Structure formats: C-alpha cells, structure tokens
Amino acid sequence: AFKELPLIDGKLAVSKDFFTINKKKRWITNTKSRNLANFLRSKYDCLLTTSKTINYDNPLLNCRIEGLEKKSPALIVLDRFFNIKKNSAVLKVKNRKIFILTNVKNTSKEKLFKRKGVKILKIGKINLHPSNLKNVFYEIKKLGFSRILVESGVTFLDQLIKHKLIKNFYLFKTSVNLGTKGLNNFNPL
C-alpha cells in the first residue's frame, strides 16, 4: 500500500550572523516576527519539536494572539530517550493535546506525564535515518494530524530538508548580529 506523508512545514528563527539562540535574551526576533510566528502556528493541526528544543529553550509553542489562543495546535515531542524535563513550560499550557514519541520505557515519568494529560507513544526507531523519519510522520498521521509545523533546532530541520520532507520553510532572520552572545543548538534529537 502506498503511504502518503502529511504536509510538513518548517520554521526557524536566526540572527543576522545565523545563530539560533541568544544567550542573553529569551528571543532572537522582534515582536512583529513573534506575532507572525504565533499566527503561523494557528494554521497547523500540530507542532513537532524535540525534547532537546524543549529542554534547552523551554518554549510555550502556542498561539499567543488575542482571539487565536484556542487555535494552538497539538504538540508532539520527539523524545528518543524520554529526557523531557518534568517542569517544562509546554506542560503548563491548559487544554492542549500533547504527545511524547519515545523509544524507551520510563514507568515513573510516564505516570507523572499521563496525570498531566500527556499521551506517551512508544514507536520503533527514532533517529535521523530517512525511513525512520518517514515512519515518525506516518505515526503522527495515524494520530489524525495532516498539517505539521516543525519548530526545532538546526540539525533536525536540516535532516528533514535534506531528505526532502519539508514542503514550505519559514525563516525568520533578524537584522542583529549576536556575535559572542549567539549560540547554535546542533543536537539532533
């Protein structure tokens, strides 16, 4: 049977000198760009990120535009080794569907997350091999999601682009050089 992938788009914010993290401030981009990113999220039925992104940036990854708060898409976190921090900001967003896709069993962490309403799914291999990446997206499609926005670190997005899995890519680039205040998170998963 022919498997069809869902629509997969990607989004990344970078400084003028191509850093994705500002060590001194929470955000790289300005308010206008962040509002556009929030609006963009409202157009998807789920966001995909990695536990590395969650643990490093502690983002909310929701719609924070007045009137669109209820349009916050479901959140799927790729977490190969179940490393997501228990106190992550995304877990505090009310009335949101959150799924963690993992390779490992961690009974105590699973119980804690399930009490918070998070669904844990154990799937085959989660790594950067193209067939395994495709399988992740087939699993996401089985959950009922067909429009996915990937917001993650450079390496994971790079692999998705390299394997031609991204249809549209949104790059938010600021006019500011970060220099020594800049950092890139190159950890893939």
Side-chain angles (χ1 to χ4, degrees), residues 3 5-13 21 26-27 34-128 132-153 156-157 160 165-166 170 185 187-189:
K3 287 185 175 181
L5 287 166
L7 171 77
I8 307 161
D9 290 347
K11 179 218 158 237
L12 186 67
I21 296 164
R26 177 139 172 79
W27 290 290
R34 288 195 302 276
N35 283 339
L36 182 56
N38 280 290
F39 176 73
L40 191 62
R41 288 180 190 134
S42 75
K43 300 294 179 194
Y44 294 86
D45 50 22
C46 86
L47 293 181
L48 176 66
T49 192
T50 65
S51 59
K52 299 262 186 195
T53 297
I54 298 284
N55 290 343
Y56 198 90
D57 292 348
N58 201 23
L60 285 168
L61 294 172
N62 61 350
C63 294
R64 295 181 297 280
I65 296 175
E66 198 175 334
L68 286 181
E69 297 91 348
K70 287 184 175 73
K71 291 269 192 183
S72 288
L75 180 67
I76 298 177
V77 182
L78 279 187
D79 191 357
R80 203 166 21 169
F81 303 116
F82 216 141
N83 289 330
I84 189 170
K85 292 177 183 170
K86 296 173 189 170
N87 60 348
S88 300
V90 291
L91 301 173
K92 295 176 177 99
V93 178
K94 299 274 183 250
N95 303 320
R96 186 174 201 187
K97 286 184 185 172
I98 300 175
F99 301 83
I100 295 176
L101 304 187
T102 185
N103 285 337
V104 300
K105 189 167 183 65
N106 181 331
T107 311
S108 65
K109 217 171 185 182
E110 281 180 42
K111 281 182 186 170
L112 177 85
F113 280 102
K114 282 179 180 173
R115 276 199 304 272
K116 293 181 180 199
V118 176
K119 291 182 175 51
I120 315 295
L121 299 172
K122 291 195 199 48
I123 63 172
K125 289 183 178 163
I126 300 174
N127 61 36
L128 297 178
N132 293 333
L133 286 172
K134 282 183 180 175
N135 283 334
V136 164
F137 289 107
Y138 294 138
E139 290 295 325
I140 292 170
K141 193 172 181 186
K142 278 189 216 168
L143 293 171
F145 300 114
S146 59
R147 297 179 52 79
I148 301 164
L149 180 63
V150 179
E151 290 194 56
S152 69
F156 184 62
L157 276 167
L160 296 179
L165 295 171
I166 297 278
Y170 301 95
N185 183 1
N187 297 325
L189 288 171

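All values derive from a computational prediction rather than experimental measurement. Note: hydrogens, waters and symmetry copies are ignored here, and every other heavy atom, side chains too, is used. Numbers for residues simply follow the sequence, beginning at 1.
With a 4.5 Å cut-off on side-chain heavy atoms, L133 and F156 count as touching. No side-chain heavy atom of I123 sits less than 4.5 Å from a side-chain heavy atom of N135. At a threshold of 4.5 Å between non-hydrogen side-chain atoms, the residues T53 and E151 do not count as touching. Looking only at side-chain heavy atoms (C-beta outward), F99 and V77 stay at 4.5 Å or farther from each other. Contact check for S146 versus L7: no side-chain heavy atoms found under the 4.5 Å cut-off. The side-chain heavy atoms of L149 and P73, taken from C-beta on, include no pair separated by under 4.5 Å.
Rounding to the nearest 0.5 angstrom, the gap separating the CG atom in L91 from the CZ atom in R96 is 10.0 Å. Rounding to the nearest 0.5 Å gives a distance of 5.5 Å between NZ of K97 and CZ of F145. In this structure, N83 CG and I54 CD1 are separated by 12.5 Å, a value rounded to the nearest 0.5 Å. Summarising the geometry, atom OG1 belonging to T49 is positioned 7.0 Å from atom CG belonging to L75; distances are rounded to the nearest 0.5 Å. One distance of note links CG of D9 with CZ of R147; it measures 7.0 Å at 0.5 Å rounding. N106 contributes atom CG, which lies 10.0 Å from atom CG of L112 (distance to the nearest 0.5 angstrom).
Scanning all heavy atoms of the two residues, the minimum distance from K134 to L5 falls at O-CD2, 3.9 Å. Considering every non-hydrogen atom in both K85 and N55, the closest pair reads N-OD1, 2.8 Å.
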Steps toward side-chain contact (heavy atoms from CB on, under 4.5 Å) verdict (S42, L40):
CA-CA 5 Å; S42 75; L40 191 62; over 6 Å; no
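Within a 6.0 Å sphere centred on NZ of K119, other residues, nucleotides and ligands contribute 12 heavy atoms or fewer. Residue-environment remark: NZ (K86) stays at or below the threshold of 12 foreign heavy atoms within 6.0 Å.
Under the ring pair (Phe, Tyr, Trp, His ring centres under 6.0 Å) criterion, F113 pairs with F82, sequence neighbours left out. For the side chain to side chain contact (heavy atoms under 4.5 Å, CB included) test, residues two or more places apart in sequence or in another chain that qualify with T107 are K105, K111. In this view, K141 and E4, P6 satisfy the side chain to side chain contact (heavy atoms under 4.5 Å, CB included) rule, not counting sequence neighbours.
With hydrogens and angles disregarded, a donor-acceptor distance shorter than 3.5 Å links the side chain of T102 to the backbone of V104.
Among L160, L12, L157, the single residue meeting the side chain to side chain contact (heavy atoms under 4.5 Å, CB included) criterion with S152 is L157. Under the side chain to side chain contact (heavy atoms under 4.5 Å, CB included) rule, L101 has a single partner from D79, I76, I120, which is I76.
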